[in-house]
4 protein chains.
Amino acid sequence: MQVNEQTATELARRKQITDAAIEVIADLGYGKASFARIVEHAGLSSTRMISYHFADKSDLVMAVLVSAIAAGDEVLDARIAGVVDRVELLRAHIEARVEYLRTHPKHLRAVVEIGTGAREPMYAVVLRDFRVGRLQRQLHQGQREGVFGQFDTAVVAEAVASALDGAAQRAAAEPDLDLTAYGRELADLFTRAVRP
Amino acid sequence: MQVNEQTATELARRKQITDAAIEVIADLGYGKASFARIVEHAGLSSTRMISYHFADKSDLVMAVLVSAIAAGDEVLDARIAGVVDRVELLRAHIEARVEYLRTHPKHLRAVVEIGTGAREPMYAVVLRDFRVGRLQRQLHQGQREGVFGQFDTAVVAEAVASALDGAAQRAAAEPDLDLTAYGRELADLFTRAVRP
Amino acid sequence: MQVNEQTATELARRKQITDAAIEVIADLGYGKASFARIVEHAGLSSTRMISYHFADKSDLVMAVLVSAIAAGDEVLDARIAGVVDRVELLRAHIEARVEYLRTHPKHLRAVVEIGTGAREPMYAVVLRDFRVGRLQRQLHQGQREGVFGQFDTAVVAEAVASALDGAAQRAAAEPDLDLTAYGRELADLFTRAVRP
Amino acid sequence: MQVNEQTATELARRKQITDAAIEVIADLGYGKASFARIVEHAGLSSTRMISYHFADKSDLVMAVLVSAIAAGDEVLDARIAGVVDRVELLRAHIEARVEYLRTHPKHLRAVVEIGTGAREPMYAVVLRDFRVGRLQRQLHQGQREGVFGQFDTAVVAEAVASALDGAAQRAAAEPDLDLTAYGRELADLFTRAVRP
DNA sequence: TATGAATGAGAATTCATTCAT
DNA sequence: GATGAATGAATTCTCATTCAT
């Protein structure tokens, strides 16, 4: 299939660039992640390469976001598959995010960096859904079923998301951090907190 | 005494600059807070003014940090004065930070922006103490007294600090947010979470 | 005949590209008329399409010129056919150019844009002939016949041509401009001016 | 006076830059007049110099416009001073513009280049006033006084302005052109044309 | 204590064009 | 007859900082 093959190279290049961008953003922060540093990391010849494959910087960043979020949701979906208990679902959600941080440290770091460093409202929508969207819906459902107490789901979802952001920050600073234990602690913390 | 008068002018200038820097960092983010934008905001003649009063950018940022943290700790100290109960102390701590966010929105926003946007390890120490230092000591003491359950104080302190960061972000995005209620929700959340 | 069929497609493509180029040059000006914007306008896949069909940019611009000038002279020829009176011929010439501006606004605009924006002496020859060539010959002949006064035909021809350029500029700025009236005014103006 | 002296250097620099910009725009056209070529022409160290003294490119272009137009109006004012006859005033106007083209060839060329090459509506206002503003008012007044015939003053003013633009173009292409004669021809042409 | 002037380095982006198939 | 991929050069503009007074 010619069409697919034509696109294959293009897709491979885009992936090479987004992967490099993820690493650079994770390592240097959103502010320092210039085209020059990304091409250097990707082993490309010039920044022109990026401009050729992406309309502009926000196009690249959006591609990074989509890619990283897809990977994160994959981990999440796999972890919560089959879990029905609401409390266990919350635990699974938190632990899945920390597991994602463990298996894809650069990906999650990049998302957090973009979330905090970038100011384009363009990213806010997709970031919001990744950070608090699903979680808040779960919390809301748990309240309706009576398994959770009465609290502001927006506040709690934001608190959980922020705690996971904080975990990413700490993990970056302390590479030896035991993330599995960290995830369990966070899950314990919030499952206690949502009890009726 | 000439020396003192010189210092007084000097201090006034420094304050004018740090105040402007706080506003700009809070409004535009650390990455966009250039000298040019700060002098514009402060109504100064040129960026040379900043370079004259501060050794370099990190010197200015550190001054911003010290100033903002002092103001925040002042609010905190006033709020926890006389509180002895450990749980109430935790509640007071969280609510005091949110109150600080309400009374000094630009200050706390600036601190968070520097915490997430800047990468100089230089700031990390002072930031760490502001965000988790006192809190973690309180939690630890509470555990020793048996009022709190057994959890990793570092994890919980980081979670609380991150939740407050998240509150600052939301407050920036939603100016009409009821911060007093938000603070109460957060305090409820974490006081439930630390129960034995 | 394969050769002809190939040429037909080739010609169709070239026409598609020159037509798009005319629109872009007319709308955005010569300076902003990049290959990228032309392919976008033409709905082509890449700028490579242009480079394939035209040797280089000046080749494309020359094709635009030839095409637009041919269309303009067609209108002119139709309008002056049968007119013998010298003064009427001048009037017909001016009005035909304005009519061309009305029926092919993008074409004439593109010619003017290239005339003013481009610097290649290559275009100057063909432009010169379109703008002042025929007109100057008519004026000269009119003088020999004694119907026109004594003036510098080069100056007057250039003035007429410039006035028509100006009309194109105004028409672009004011889409509601009554061009027929404008043409009549110009014709009146210059027929008065050439009287002996 | 310190204030003046401080500004003096600044003003001198700005003049040095605008003068160089006028030359470059006149010689290479608006499209090719990059900062790089202007600093090269001005003998400055880097384009940074321009960015330091002008907010952005349009700021520089506007300064060029103001400077060139002021010089042109100075010549015009000197030429029409004391002229009362309406027809003579029209002649003086046209000849003054051509004289300006002769004494300040680069200045008028630059104005024409900006007028045709730039697209910023920002310039349009000041350009319009220079090109047709005063002239149209004169024509209108002449009609009210009955010295001129009935014609559309906007059309005629635009035609005169365009003819002067055309003169600038020709003068650039033919350095040996006798501009005084050219100006007289144009003045003859249009004074004939406006007769009742 | 203050400032006007200047700067080298780097930013993202656009340009017409060429290579290889 | 067509195209996907790539590119070097150039664009305007911003950055924190230094020089000289």
Side-chain angles (χ1 to χ4, degrees), chain A residues 2-3 5-10 12-13 31-38 44-60, chain B residues 2 5-10 12-13 31-39 44-60, chain C residues 2 5-10 12-13 31-39 44-60, chain D residues 2-3 5-10 12-13 31-38 44-60:
Chain A
Q2 272 202 339
V3 176
E5 282 184 344
Q6 284 172 356
T7 319
T9 311
E10 164 78 11
R13 259 304 178 228
K32 301 275 181 192
S34 66
F35 279 16
R37 274 187 264 260
I38 292 168
L44 267 40
S45 56
S46 85
T47 68
R48 191 56 192 71
M49 193 81 268
I50 297 181
S51 295
Y52 180 71
H53 290 280
F54 296 89
D56 52 23
K57 191 168 189 179
S58 76
D59 188 23
L60 169 59
Chain B
Q2 272 202 338
E5 283 184 340
Q6 283 174 357
T7 312
T9 310
E10 163 78 12
R13 268 286 188 237
K32 300 274 181 192
S34 67
F35 280 16
R37 277 187 262 260
I38 292 169
V39 300
L44 269 34
S45 57
S46 84
T47 66
R48 189 59 191 75
M49 190 82 262
I50 298 181
S51 295
Y52 183 72
H53 290 281
F54 296 91
D56 53 20
K57 190 171 189 179
S58 74
D59 188 23
L60 169 58
Chain C
Q2 272 202 338
E5 283 184 341
Q6 282 173 359
T7 312
T9 310
E10 164 76 14
R13 268 285 188 238
K32 301 274 181 192
S34 67
F35 279 16
R37 278 187 259 260
I38 293 169
V39 299
L44 268 32
S45 56
S46 84
T47 64
R48 189 60 189 73
M49 191 82 261
I50 297 181
S51 295
Y52 182 73
H53 290 280
F54 297 89
D56 53 21
K57 191 171 187 178
S58 74
D59 188 21
L60 169 58
Chain D
Q2 271 202 340
V3 177
E5 283 185 341
Q6 282 171 1
T7 318
T9 311
E10 164 77 12
R13 265 292 183 235
K32 300 277 181 192
S34 67
F35 280 15
R37 275 186 263 258
I38 292 168
L44 269 42
S45 57
S46 83
T47 68
R48 189 59 190 70
M49 194 80 267
I50 297 180
S51 293
Y52 180 72
H53 291 280
F54 296 88
D56 52 23
K57 190 169 188 177
S58 75
D59 188 24
L60 169 58

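In what follows, chains are A, B, ... by sequence order, proteins preceding strands, each numbered from 1.
Between the CZ atom of D/F35 and the P atom of F/dT14 there is a distance of 10 Å, given to the nearest Å. We find that CZ of D/F54 is positioned 15 Å from P of F/dT14, with the value rounded to whole Å. Following rounding to the nearest Å, C/I50 (CD1) and F/dT3 (C1') show an atom-to-atom distance of 14 Å. In this entry the distance linking NZ of D/K32 with P of E/dC15 reads 12 Å, nearest Å. Straight-line distance from the CG atom of C/D59 to the P atom of E/dT18: 13 Å, rounded to whole Å. For the pair A/M49 CE and E/dT14 P, the computed distance is 15 Å after rounding to whole Å.
In terms of phosphate contacts, A/S46 brings no side-chain nitrogen or oxygen within less than 4.0 Å of OP1 or OP2 of F/dA6. Taking only side-chain nitrogens and oxygens, C/S34 comes nearer than 4.0 Å to OP1 or OP2 of E/dC15. When the side-chain nitrogen and oxygen atoms of C/H53 are compared with OP1 and OP2 of F/dA2, one or more of them lie within a distance under 4.0 Å. Proximity of D/R13 to the phosphate of E/dA6: a side-chain N or O atom is located under 4.0 Å from OP1 or OP2. Between C/R37 and E/dT14 there is no side-chain polar atom (N or O) within less than 4.0 angstrom of OP1 or OP2.
The same atom, C1', is picked in E/dT1 and in F/dA20; the two are 15 Å apart, to the nearest Å.
Here A/Y52 contributes atom OH and A/E10 contributes atom CD; the two are 7.0 Å apart, rounded to the nearest 0.5 Å. With rounding to the nearest 0.5 Å, the separation of CE in D/M49 from CZ in D/R13 is 5.5 Å. C/I38 contributes atom CD1, which lies 6.5 Å from atom NZ of C/K57 (distance to the nearest 0.5 angstrom). Between the CZ atom of D/R37 and the OG atom of D/S34 there is a distance of 4.5 Å, given to the nearest 0.5 Å.
Comparing D/A36 and D/Y52 by the nucleotide of DNA chain F that holds the closest heavy atom to each, the one mapping nearer the 5' end is D/A36. Heavy-atom nearest nucleotides on DNA chain E were determined for A/A33 and for C/A55, and the one closer to the 5' end corresponds to A/A33. For B/K57 and D/D56, each mapped to the nucleotide of DNA chain F holding its nearest heavy atom, the one lying further toward the 5' end belongs to D/D56. Checking D/T47 against C/R48, the closest nucleotide of DNA chain E that is more toward the 5' end is the one next to D/T47.
Within the 4.0 angstrom heavy-atom criterion, base atoms lie near C/S51.
Of all heavy-atom pairs spanning A/F35 and A/L60, the tightest one is CE1-CD2, 4.1 Å.
E/dT17: Watson-Crick or G-U partner is F/dA6, with both key distances under 3.5 Å.
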